[in-house]
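All values below were derived from every heavy atom in this structure, side-chain atoms included, with hydrogens, water molecules and symmetry-related copies excluded.
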Amino acid sequence: MVIDLKHIFVNENSSLPIEYSLDLSQVEHGGVFPLKKPVTLIGSISNTSSLIRFQAEISFQFDALCDRCGKDTSKTYKVEVSKSLATSIEGDDSDTILLVPDMKLDVDDFLYTEVIVNLPLKHLCSEDCKGICYKCGKNLNEGACSCDTREIDPRLAKLAELLNN
C-alpha cells in the first residue's frame, strides 16, 4: 500500500489515521517462517507547524522454537515508531527521519523493514527458561534430571576413576 502524503505536507494541522495489516508469512528467519499471522500497524501521520510526524504501533506474533529448551513458543511483540517525514535530507542520514522524496509512503516496505529490524535475536519460552540437560536432553523446566553434572578436568579423569574404584 502506497499513501500519497501531498495533502498532509501542504495543509498544516492535518492528520491521517492509518490502520493496516500485512502478511509476512513467507519471510524466513533462522530457517523457519515465524510470522504466521499478519503484522498490524495502527498510527497516524500529522502535520503540526510544518513538522510531519509519523507515529505508530506495530505488533506481530513470533512463532518459533525456544532457543534454550526447544519448546514451540508464540510471543506477541509491539514496536513503537515515531519518525519525522521529509522530502529531502541535508547532511547525514538519521534513524528518526523517514525520507519520502515523492511525498508517497510505501507502507509495505516500511513495515517489512521495521519488523525485520525488530525480530528477536533470542526467542525464549520464558525469561527464566532452564533449557535442556546437555547430557540426557531432558527439559529442565519440567524438573531436574538424575545426571551427574559435575565436570571433571580431562587431565584428572584417570585419578577420578581410581577414586570411584
Side-chain angles (χ1 to χ4, degrees), residues 1-134 137-142:
M1 175 171 85
V2 176
I3 300 174
D4 188 357
L5 300 173
K6 286 179 186 168
H7 67 282
I8 298 291
F9 275 89
V10 174
N11 299 317
E12 238 181 79
N13 298 322
S14 60
S15 68
L16 175 68
I18 302 172
E19 281 192 38
Y20 186 66
S21 64
L22 178 65
D23 180 20
L24 293 177
S25 61
Q26 298 303 312
V27 173
E28 182 181 353
H29 177 69
V32 297
F33 299 93
L35 301 169
K36 294 178 173 58
K37 292 189 176 177
V39 174
T40 60
L41 175 136
I42 298 173
S44 66
I45 300 173
S46 60
N47 180 341
T48 308
S49 302
S50 296
L51 176 65
I52 292 53
R53 299 286 300 160
F54 177 36
Q55 296 191 335
E57 180 181 88
I58 300 170
S59 63
F60 59 92
Q61 184 173 316
F62 191 85
D63 299 309
L65 298 177
C66 175
D67 288 334
R68 286 190 192 152
C69 69
K71 179 182 172 187
D72 204 12
T73 306
S74 177
K75 275 191 177 176
T76 300
Y77 292 89
K78 294 187 185 293
V79 178
E80 296 289 329
V81 177
S82 180
K83 299 209 182 256
S84 296
L85 301 179
T87 56
S88 64
I89 301 174
E90 291 183 24
D92 293 334
D93 288 346
S94 173
D95 289 343
T96 61
I97 299 174
L98 186 60
L99 190 61
V100 286
D102 54 357
M103 293 187 200
K104 293 182 180 175
L105 175 63
D106 185 346
V107 181
D108 291 355
D109 186 46
F110 172 77
L111 254 178
Y112 175 82
T113 303
E114 287 298 316
V115 169
I116 293 300
V117 167
N118 287 289
L119 286 176
L121 297 175
K122 185 167 272 305
H123 183 64
L124 301 176
C125 59
S126 68
E127 291 298 320
D128 60 345
C129 177
K130 296 176 184 169
I132 59 172
C133 174
Y134 65 92
K138 180 179 180 183
N139 186 341
L140 298 175
N141 295 315
E142 298 168 357

Heavy-atom side-chain contact between Ile52 and Ile45 under 4.5 Å: yes

Residues, nucleotides or ligands: over 12 heavy atoms within 6.0 Å of Tyr112 OH: no

Spacing of CD belonging to Glu12 relative to CG belonging to Asn47, to within rounding of 0.5 Å: 5.5 Å

Contacts of Leu98 that satisfy side chain to side chain contact (heavy atoms under 4.5 Å, CB included) - sequence neighbours left out: Phe54, Lys83, Leu85, Leu105, Phe110

Heavy-atom donor-acceptor pair, Asn141 side chain to Cys129 backbone, under 3.5 Å: no

Side chain to side chain contact (heavy atoms under 4.5 Å, CB included) assessment of Asn118 paired with Tyr77: CA-CA 9 Å; Asn118 287 289; Tyr77 292 89; over 6 Å; no

Side chain to side chain contact (heavy atoms under 4.5 Å, CB included) assessment of Cys66 paired with His123: CA-CA 6 Å; Cys66 175; His123 183 64; 5.6 Å; no

Minimum heavy-atom distance between Met103 and Asp4, given as atom pair plus value: O-OD1, 3.5 Å

CZ-OG1 distance between Phe62 and Thr73, expressed to the nearest 0.5 angstrom: 10.0 Å

Over all atoms of both residues, closest heavy-atom pair of Ala86 and Ile97: CB-CG2, 3.9 Å

Residues, nucleotides or ligands: over 12 heavy atoms within 6.0 Å of Lys138 NZ: yes

Residue Lys75 excluded, over 12 heavy atoms near NZ under 6.0 Å: yes

Minimum heavy-atom distance between Asn139 and Cys69, given as atom pair plus value: OD1-CB, 3.8 Å

Any donor-acceptor pair under 3.5 Å from Ser25 side chain to Asp23 backbone: no

Intermediate values then yes/no, side chain to side chain contact (heavy atoms under 4.5 Å, CB included), Ser84 and Leu51: CA-CA 7 Å; Ser84 296; Leu51 176 65; 4.0 Å; yes

Exercise: identify the closest heavy-atom pair between Leu16 and Leu5: CD2-CD2, 4.4 Å

Audit row: Phe60, Leu24, side chain to side chain contact (heavy atoms under 4.5 Å, CB included) steps and yes/no: CA-CA 10 Å; Phe60 59 92; Leu24 293 177; over 6 Å; no

Point-to-point distance, once rounded to the nearest 0.5 Å, from CD1 of Ile42 to CD1 of Ile58: 11.0 Å

Separation of Ser49 OG from Asn13 CG (nearest 0.5 Å): 6.5 Å

Nearest atoms (heavy-atom pairs only) where Gln55 meets Ser82: NE2-OG, 3.4 Å

Donor-acceptor under 3.5 Å (Asp108 side chain, Met1 main chain): yes

Over 12 foreign heavy atoms within 6.0 Å of NZ, Lys130: no

Between CD on residue Glu57 and NZ on residue Lys78, distance to nearest 0.5 Å: 5.0 Å

Any Arg53 side-chain heavy atom under 4.5 Å of Thr48 side chain: no

Exercise: identify the closest heavy-atom pair between Asp67 and Leu121: OD2-O, 4.0 Å

Nearest-0.5 Å distance that lies between atom CG in Leu124 and atom CG in Leu65: 12.0 Å

Heavy-atom side-chain contact between His7 and Ser14 under 4.5 Å: no

